[in-house]
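Right, one structure below, let's go through it.
Every chain is numbered from 1, with letters handed out A, B, ... down the list of sequences. All values below were derived from every heavy atom in this structure, side-chain atoms included, with hydrogens, water molecules and symmetry-related copies excluded. Predicted, not measured: the structure shown is a model, and the values here were computed from it.
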Amino acid sequence: MRKVAIVGTGLTKWGVRGATYKELVQETGKDLFDDVPNLDKKRVDSLFVGSALVDRLAFQAYPAPIVAEQLGLAPTRMAMRTEMACVSGQSAIRVAYASIASGLSDLAVVVGAEKMNIPSMPEIQASMACVLDREWDGVNGLNAPPYFALVAQRHMHEYGTTEEQLAEVSVKNHDYAATNPYAHFPKRVTREKVLGSAKIAPPLKLLDCSGITDGAAAVLMTHADAAKEYTDTPVFIEGLGQSLSGSLVVNLESLTTWLPLRRAASEAFRMAGVTIHDIDLAETHDCFTISEIMEYEDLGLCAKGDGGTFVMEGQSRIGGEFPTNLRGGLLGCGHPLGATGVAQAIEVTRQFKGQVPPERSVGGEWGLCHNLSGNANNHAVMILHRGG
Amino acid sequence: MGDLGEPQEVRFAFDFYPLQGPEHTRIWRFFQHLKEGRLTTTKCTACGVLLWQPRVVCPACNGDALEWVDLPPTGRLFAFTAVYAGAPLGLERDVPFVVAVVELDGSPVKVVARVDGATYEDLRIGDPVSLKVVELQDGRVWFRFFRVRR
């Protein structure tokens, strides 16, 4: 197996964009190709596209050839779309890793892109409800906010987690989003504002939820021997883990303990040969405030049930034990499904390269990216290392 | 500008409710039972596994001899919320509505369902609920629960 590196990054502005799926792809491609001026696009032999709801929200199936044409690429070895709902982005990186490590590919572009905003909000929400089992869960009006509300209610019931603790996750992530010009919501919020925001699915309120956001992100990946052709500071993927268990809400192993996250993290750390205590910064999947609290717990940073205390103590801020979601997370940046996992890897890469604003710069040597999907039945964890 | 004769009303090809007759699904008896007021699922006659949702093949032993069994029509709230905003197409006029995980009495089976006759603020974890069958305009059926007074 060859070592695999991220050697270039590209982002678009995220938000409610007056831009189509294809235009978002062009924008992220420009940012990527500007970042790697030495790249000869003819040498890109593989393309992986992470897009979850493009069929429904852009009314476009089979996006890989469209993305290739928009970017001026003609991959000769591996090309595909990866679809794992909100994990579509990290899945694309994971498949690119496997293809490059095995020698099937040498140089790959990975794009995560999602056009979420269309004129009908009920149709957007219907598409999101289809991410759950449509016949037995979605049919009851369940989509992401009410599902994670059930999780939050049980977590509060079993462990005494409070709405103030949930709100603190949103406050922290908006604080960091305020440093991020790519973010959908680059504005600080107070705990009172989160607690007083509109009721969505109690106990979750508007500012406990990530936004419906358009955006794209892209990375260039290659093997270690070629990495220095494109950058002086490659970032190496040293560990990967993924675990999937269950589909129907009632058949999940647990609502309040994410066993697939524990398994995915364990596999990624084993592969990388490091532990959670070696991690300098993390991007975790804060689709809802309760998610980030459970991620501290199931990554092993604190005892089960103590995630609320962990955030209140500032342990997930810069200067704490585990700086988390410094680009602003899904709560601050929004969540264009397939783009999120790619943008998480870009934040870690740009942190390592000193390409983020000083207010949120931690540098560091080891980074963690965590992406989850559906009703948290699938988790993916990736460990990144600053090369050189 | 010319009139292209576009349809005045755009309808979903699918809605959220399953197609229910034997021409569409091999578990059509589930829907027939619901019309009789019974909530049912399948049990494997070879290995005895009882699963929600109804199946045509047992994922535990690969057997395909499954029998229909009745589930209790009463249960208790394991978790619940109410949808105030962000309801999917077709349900947006129903807000706010309560949706819950219901633990069926004396059964290992839990189901997700809407709960009628109560607001979020009215309810507590553990509250008793009872089965209710609802009929769609086109004759299809679905199940919800309603709150039983504590």
Is chain A contacted by the side chain of [X], its backbone, both, or neither, given a heavy-atom distance below 4.5 Å?
{"X": "Tyr120(B)", "value": "side chain"}
{"X": "Glu92(B)", "value": "side chain"}
{"X": "Phe97(B)", "value": "side chain"}
{"X": "Val109(B)", "value": "neither"}

| said: Taking Arg140(B) first and then Glu135(B), would you say they form a salt bridge - that is, a charged N and a carboxylate O separated by under 4.0 Å? | reply: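 So Arg140(B) does not pair with Glu135(B) through a salt bridge.
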> So does Lys199(A) pair up with Glu121(B), basic N to acidic O under 4.0 Å?
Replying inline: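 Yes.
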Give, as side chain, backbone, both or neither, the part of [X] having an atom under 4.5 angstrom from any heavy atom of chain B.
{"X": "Arg134(A)", "value": "both"}
{"X": "Leu255(A)", "value": "side chain"}
{"X": "Leu248(A)", "value": "side chain"}
{"X": "Pro145(A)", "value": "neither"}

Discussion item. side-chain contact (heavy atoms from CB on, under 4.5 Å) for Ser88(A) and Glu83(A)? Distances and angles first, verdict last.
Written reply: CA-CA 5 Å; Ser88(A) 297; Glu83(A) 194 285 297; 4.1 Å; yes
Mutual orientation of the aromatic rings belonging to [X] and [Y] [parallel < 30°, tilted 30-60°, perpendicular > 60°]:
{"X": "Phe143(B)", "Y": "Phe145(B)", "result": "perpendicular"}
{"X": "Trp68(B)", "Y": "His33(B)", "result": "perpendicular"}
{"X": "Phe310(A)", "Y": "Tyr296(A)", "result": "tilted"}

Query - Residues, nucleotides or ligands: over 12 heavy atoms within 6.0 Å of Asp138(B) CG - result: yes
Quick check on the interface: out of Pro146(A), Ala149(A), Ala198(A), Cys130(A), who has the most heavy-atom pairs with chain B under 4.5 Å?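 Most heavy-atom pairs within the cutoff with chain B belong to Pro146(A).
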In terms of heavy-atom pairs under 4.5 Å with chain B, the winner among Arg154(A), Met128(A), Glu135(A) is Arg154(A)
Top of Lys110(B), Gln53(B), Arg144(B) for chain A proximity - count of heavy-atom pairs under 4.5 angstrom:
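Ranked by heavy-atom pairs under 4.5 Å with chain A, first place is Gln53(B).
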Is the ring centre of His335(A) less than 6.0 Å from the ring centre of His285(A)?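 So the answer is yes for these two rings.
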